[in-house]
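First up is the structure itself, then whatever we jot down about it.
Worth saying up front: this structure is predicted, and the values here are computed from it rather than measured. In what follows, every chain begins at residue 1, and chains take the letters A, B, ... in the order their sequences are listed. Note: hydrogens, waters and symmetry copies are ignored here, and every other heavy atom, side chains too, is used.
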Amino acid sequence: MEATTDFYQLIDALKADSANSLGLFMPELTLSVFIALFLAVRLITSKLDMFWVALAGAVVALISSNPLQLCEGVLQSEELFTGLLVHDGLTVAIRSILMLFLLLFLIFTKISGVPDKEDGADVYSLVFGSTLGMCLMASANHLLIVFLAIEMASVPSYVLAGLIKGRKRGSEAALKYAIYGAGAAGVMLYGISLLVGLTGTAHLPTVALSLAKVIPAAGLGEQAVLCLAAVMISVGIAFKLSAVPFHFWAPDVFHGACAEVNAFLSVASKAAALALLLRLAVGLGSVPLINEIEVPQTKEVQSETVLSEIVTAQMVALEGDKGDVDSAGQIDSSADDRNQEAVVAYDSPIELKQAQDEALTPVRNFISLLIAFFAVLTATFGNLAAYGQKNIKRLLAYSTIAHAGYMMMAVAPLMVMLGTNNNAAEDAASALIQYIVVYVFLNLGAFAIIAFLRNYVGSEEIEDYSGMVKNRPVLVICLALIFFSLVGLPPLSGFLGKFAIFASLADGYTTTGSSVLLILLLAGGMNTAISLFYYLRVIKTMVMGEPNEEHHLGDRPVGNIEMAYVILVTIPTVFLIVCWQWVAGFADEAVKNFIS
Amino acid sequence: MLLIISLIVFLPTLGALVIAFMPSKKDENGVNDKENQNLLLGATLVVGILTFLLTVVAFLFVGESKFSVEVASMQHAFSVDWIPSFDIAYAMGIDGISFPLILLTTGVSILAILASWSIKKHVKAYCILFLLLETGMIGVFLALDFFLFYVFWEVMLLPMYFLIGIWGGPRREYAAIKFFLYTLLGSVLMLIAILMIYFNSDLRLLDTAIRSDLINQNVISASVAETVANATEPVHTFNLVALAELAQTTDCFSAELQWWCFLLLFIGFIVKVPSIPVHTWLPDAHVEAPTPISMILAGVLLKLGGYGIIRICYPICPAGGLELSYLVVGLGVVSMVYGAFAALAQTDFKRVVAYSSVSHMGYVVVGFGVWTMLGNGDYWRMGITGAMYQMIGHGISSAGMFFMVGIIYDRVHHRNLDEFGGLYGLMPKYTALAMGLFFAGLGLPGLCGFIGEVLVVLSVWRFSPLLAIISASVVIFTAGYILWTIQRVYLGSEYKGPHAEEIRPVNSREFSTGAILLALAIFFGVFPNTLIKFMDKTVDKQVTSLNEWRLVYEDDLAQAEQTEEADQLAPEQDDDSDQLEQAHSEDETVGMVKHLGVVLINKLADQ
């Protein structure tokens with residue numbers, strides 16, 4: 001009898017959970033519906049320009065992701081689909097950014113004419129599919145979903161890279177991308193399996209709980225395996241972020257693919273990967289407050305039992321640690337005796353959480369070191385390698401790499417301050433979101449201008465842009481503003497993003513005295529200065545070079561619509577400083593409950 | 001006040017917006033036709049004059065917004081919350097240090113626009129960039145928020161880069177990027193220091209009386225005050241006045257932090273001044289820049305560095321300033337000597353003037369740096385007043401000198417000193433103006449250069465007699481290169497260079513611009529008090545409060561030393577003291593390195 005009741009309870013719980021989850025999963029569902037629509041509509045009529053369907057899809061997805069709910073009040077963190085996904089401010093924020101980008105991106109592709117009417121359905125379904133994967137990356141709460149989401153976002157990108165058929169360079173880029181991607185994914189999966197093997201679960205909060213138990217008692221072997229797992233997982237994310245030394249695909253793919261695809265890869269893909277980095281780093285580096293997890297009734301019964309078991313064991317282990325650190329072996333044997341004591345010792349969940357967070361300090365330090373290492377390397381290498389580039393898309397590929405480095409920097413102070421100073425840690429996460437918001441407009445604008453100039457000049461070599469200011473002053477002025485913003489010069493928006501990240505580094509350094517953060521701060525500053533050269537070189541060629549009449553061979557003139565679009569995406573770059581509090585407030589709200 | 005001050009800052013930007021919608025008639029080489037050029041530059045001139053008039057009328061004549069020479073602290077300040085997430089406010093105000101410099105900026109801008117009729121190509125873009133530059137310059141002097149200050153500081157970079165890079169001489173691109181890179185490097189260091197200061201600040205520690213003073217002056221807004229009253233965590237601030245009070249009345253900035261931040265900020269500022277060893281962008285930028293931009297560069301931009309030192313470095317990092325005072329004065333003196341010698345060696349007319357700027361701005365650094373308590377602080381007061389005066393004086397004389405070089409360059413298209421001569425006979429009015437302005441640069445008594453130099457050199461005596469002797473001797477070298485230049489260019493029997501046929505007397509626009517500059521140079525040379533009365537009270541207040549701080553600081557140091565000695569006499573037996581000792585010895589190493597640096601600099605300066 002009892003087994004049956006349990007079974008029905010489980011079914012009911014699952015039903016309630018799914019119903020609730022599906023409601024919060026609307027943007028993703030919208031994307032899925034429209035992917036099906038793209039494929040279905042083509043069967044019925046071939047006359048309809050698929051762009052309008054896609055546009056409608058993006059608008060609906062943007063509305064259903066409802067960024068305004070961030071302003072309405074604090075969003076509680078909620079687990080969806082029995083803990084596979086998590087829905088909180090960060091999910092909403094990243095999803096909204098992605099959908100807004102998708103909307104702007106679709107308009108951009110329509111104006112620039114790539115893809116044409118025939119390819120429309122294919123390309124839009126790929127773009128929507130990839131975006132769906134990115135949304136999942138932003139809300140992943142389970143290592144399996146992490147892997148699936150990355151693959152879901154990547155596989156359509158491989159195809160997109162080879163979008164223009166019959167172009168050798170494009171096909172080569174697509175192949176390279178796919179092979180690199182497959183390799184990185186394999187390594188990451190191996191890392192995940194190591195971690196899961198050691199902790200016995202793939203549900204991120206439970207992994208953290210389990211780690212808090214494992215770490216204090218871990219021997220050298222276990223520590224080595226854990227480090228290996230972390231490094232391997234970071235390979236997968238580094239690939240998505242094009243972090244050095246896993247960046248080799250980026251310049252080739254950016255060079256081979258068309259500017260439209262580059263815009264998609266460099267903005268959406270980066271934003272999602274950074275959100276995932278945040279999720280993983282914070283998910284592994286801190287444990288959630290237990291009573292908060294158990295409150296939703298939709299919680300899967302089994303997982304609940306697992307959790308509470310671990311919590312109890314955890315309390316025991318920690319209590320043992322408090323008493324005597326060296327005798328880890330003894331604790332296990334005397335666990336039963338101490339059980340009662342332990343529960344008394346940690347009667348408040350907050351206290352327990354603090355003790356567990358403390359046990360996770362090595363994890364946080366390791367992650368922050370790992371990320372700091374990648375960040376410095378990525379920013380410095382990206383900026384230095386951009387010097388020699390002659391092709392504008394390659395140059396921007398390296399610039400994208402460098403910016404991934406800057407953005408990763410924000411995670412290091414976050415991890416250092418997590419657990420000890422959660423407000424400041426939230427500020428660091430908020431700084432990252434602010435940078436992402438800025439960055440969306442910057443790179444979209446840059447690639448839009450490149451695409452329009454390609455249509456006009458028929459070339460993507462920097463030297464062919466010589467003297468462009470005389471023919472297309474508006475485009476050149478906008479590109480100059482965007483590039484100076486990428487350097488980080490006030491009053492342009494890029495400065496504010498950098499300022500926020502540098503501020504969290506400085507905050508981390510003053511509160512913890514960690515010299516790693518000081519090095520990051522100095523490296524960030526120096527990189528800002530040296531990045532000036534290559535951006536300036538492009539502007540200098542366009543503004544001060546002599547015009548080269550021969551090269552104006554493009555088939556599509558730069559008309560008013562193009563200019564209007566470029567001005568539209570450049571406006572935030574120039575004027576965000578006036579109302580920066582909106583961006584800062586948005587980001588602050590997004591991460592409010594991110595760190596419990 | 002918010003409206004008036006914001007209008008002064010952003011009037012040039014509004015003007016630039018209007019000009020952006022004006023027609024631009026260019027031929028295929030980008031040369032504007034005469035009428036169009038007159039229209040665009042005329043509009044720019046109107047904007048420049050309006051800005052100047054607004055400043056003068058608002059601060060000197062209208063009762064409500066009048067600048068009071070009796071008030072030492074910030075006047076007409078306002079503060080509006082701008083980015084509360086980072087405690088950033090839109091805060092501005094004037095005091096005796098910034099007010100003369102604002103007048104200088106708006107004034108020199110008008111003269112530079114008057115000198116801009118030599119710009120023939122892409123006039124519209126030129127006008128827009130020029131006006132944006134003016135907004136940046138005025139904004140830096142008015143900003144009371146460190147973040148706002150930094151934004152305006154950087155806003156100047158882009159227009160300046162393009163102004164040099166598009167309208168400059170043959171090596172313009174090199175010069176422009178060199179200028180850009182030097183300043184950017186300096187300002188990145190500055191940004192790091194800003195963040196360090198920001199995160200160590202805590203408004204709660206500020207004495208209630210001081211805090212309510214700041215609120216009464218509108219330097220910090222009421223909402224910030226409310227936050228402070230209810231705060232349980234540190235309340236950081238970017239407010240320059242509040243930071244200065246924090247540094248001088250509380251101990252939230254440790255001596256080590258102040259030392260590092262002073263150094264970082266000082267490097268950022270001396271790039272702009274410029275002082276040895278980061279001056280090398282200046283000769284290139286000056287030589288390649290078009291005449292009006294050289295005037296702005298020498299007349300206003302260099303002063304921003306000096307302003308930063310006196311407004312930010314010393315008040316916010318006094319401990320750093322005290323410990324590094326020999327570095328500051330030493331660098332200043334070396335710049336003076338080096339600039340003068342380098343000027344002697346040049347054959348390019350504009351380079352001579354450029355190096356004279358390095359030399360003259362050395363006085364400014366020295367004047368700010370001679371921090372001695374002797375004479376009740378009178379010597380430092382004298383040094384700062386002299387340095388301030390030198391900034392204004394040099395703003396007038398160097399702008400004039402560059403304008404004079406520009407006039408002759410427009411005619412004969414070369415600047416080779418060996419190929420001039422005899423201009424006295426060909427262009428008598430011009431030569432008279434030029435001699436007057438060059439003598440002002442030389443520091444002849446009765447002209448504006450004299451007052452600043454003499455005050456600074458006098459103040460150095462009590463700081464270090466040796467440095468004083470060196471800096472006094474610079475006057476001789478200065479006389480040397482200026483007289484020699486005058487001799488080679490204006491005197492002699494005949495003109496020896498090319499394009500002799502194009503030499504024609506100055507036109508009325510050129511004459512009036514030069515005459516205004518010369519008149520100002522004479523006026524400020526004869527009536528120094530018209531200027532000094534504006535800054536006197538503020539300088540006095542700053543010196544007094546910094547000296548008060550220094551007394552306390554040195555007392556603390558002496559006490560710490562005493563306890564240290566006592567500790568050494570009775571060594572502790574505690575087991576825990578191991579760590580303490582280790583930390584202590586680290587402190588000592590840092591101290592020793594610092595001490596070594598100071599000694600080294602002294603040695604260098606002595607040699």
Side-chain angles (χ1 to χ4, degrees), chain A residues 421 423-424 427 430-431 434 467 469-470 473 477 480-481 484 487-492 495-496 498-500 502-511 518 521-522 524-533 536-537 539-541 543-545 547 577-588, chain B residues 20 24 26 28-30 81-86 88 90 122 124-125 128 132 135-136 139 147-148 150-158 161-162 165-168 172-173 176-177 180-201 233-234 236 257 264:
Chain A
N421 188 353
N423 280 343
D427 285 347
S430 157
Q434 293 173 34
V469 72
K470 295 193 178 66
I477 289 171
L481 287 171
F484 285 123
V487 176
L489 286 179
L492 303 169
F495 164 69
L496 292 153
K498 267 201 179 124
F499 175 81
F502 288 178
S504 56
L505 284 169
D507 194 9
Y509 173 65
T510 34
T511 46
L518 187 65
L521 185 58
L522 291 173
M526 287 300 114
N527 266 301
T528 303
I530 60 176
S531 71
L532 174 71
F533 265 120
L536 206 53
R537 188 162 54 90
I539 304 300
K540 198 184 81 183
T541 312
V543 175
M544 298 171 200
I577 189 165
V578 180
C579 45
W580 185 249
Q581 187 54 33
W582 295 353
V583 180
F586 171 78
D588 285 347
Chain B
S24 168
K26 290 189 279 192
E28 63 268 24
N29 290 325
D81 289 348
W82 177 20
I83 308 175
S85 295
F86 290 103
I88 294 167
Y90 176 66
H122 312 300
K124 189 168 144 182
I128 293 173
L132 290 180
T135 286
F147 182 86
L148 191 63
Y150 186 78
V151 168
F152 280 125
W153 181 271
E154 297 272 282
V155 161
M156 293 179 302
L157 278 182
L158 280 185
Y161 170 75
F162 286 112
I166 298 177
W167 289 274
R172 55 182 180 255
E173 291 175 15
I177 200 160
F180 204 154
L181 195 73
Y182 268 73
T183 322
L184 189 65
L185 262 175
S187 49
V188 164
L189 295 182
M190 202 159 101
L191 181 64
I192 294 174
I194 291 175
L195 288 171
M196 286 306 174
I197 291 172
Y198 170 72
F199 280 109
N200 279 288
S201 66
E233 287 192 341
H236 304 313
L257 177 87
L264 291 175

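The contact between A/N423 and chain B is made entirely by side chain atoms (from C-beta outward), counting heavy-atom distances below 4.5 Å. Using a 4.5 Å cut-off between heavy atoms, A/F502 contacts chain B through both its backbone and its side chain. Heavy atoms of B/W153 lying under 4.5 Å from chain A are absent altogether. Contact annotation for B/Y150: both backbone and side-chain heavy atoms come within less than 4.5 Å of a heavy atom of chain A. Looking at A/L521, both its backbone and its side chain come within 4.5 Å of chain B, counting heavy atoms on both sides. Within the 4.5 angstrom heavy-atom criterion, atoms from both the backbone and the side chain of A/I577 approach chain B. Looking at A/L481, neither its backbone nor its side chain comes within 4.5 Å of chain B, counting heavy atoms on both sides. For chain B, no part of A/V583 is nearby; none of its heavy atoms comes within less than 4.5 Å. Both the backbone and the side chain of A/A500 have a heavy atom closer than 4.5 Å to some heavy atom of chain B. Contacts between B/L191 and chain A at a heavy-atom distance below 4.5 Å involve the side chain alone, from C-beta outward. B/L189 touches chain A through its side chain: at least one heavy atom from C-beta onward sits under 4.5 Å away, while N, CA, C and O do not. Contacts between A/L496 and chain B at a heavy-atom distance below 4.5 Å involve the side chain alone, from C-beta outward. Contact of B/I88 with chain A is made through the side chain alone, with heavy-atom distances under 4.5 Å.
B/S85 pairs by the side-chain hydrogen bond (donor to acceptor under 3.5 Å, both in side chains) definition with A/Q581, A/D588, not counting sequence neighbours.
Counting all heavy atoms, side chain and backbone alike, B/E154 lies closest to A/P490 at CB-CG, 3.1 Å. For the pair B/L181 and A/A529, the tightest heavy-atom approach, listed with the atom from each and the gap, is CD1-O, 3.7 Å.
Between A/L532 and the options B/V188, B/L184, B/L157, a side-chain contact (heavy atoms from CB on, under 4.5 Å) holds for only B/L184.
A heavy-atom distance below 4.5 Å is not found between the side chains of B/F86 and A/D427.
Under the 3.5 Å distance criterion, the side-chain polar atoms of B/W82 are matched with a main-chain donor or acceptor of A/V578.
The environment of OH in B/Y161 is crowded: more than 12 heavy-atom neighbours from other residues, nucleotides or ligands sit within 6.0 Å.
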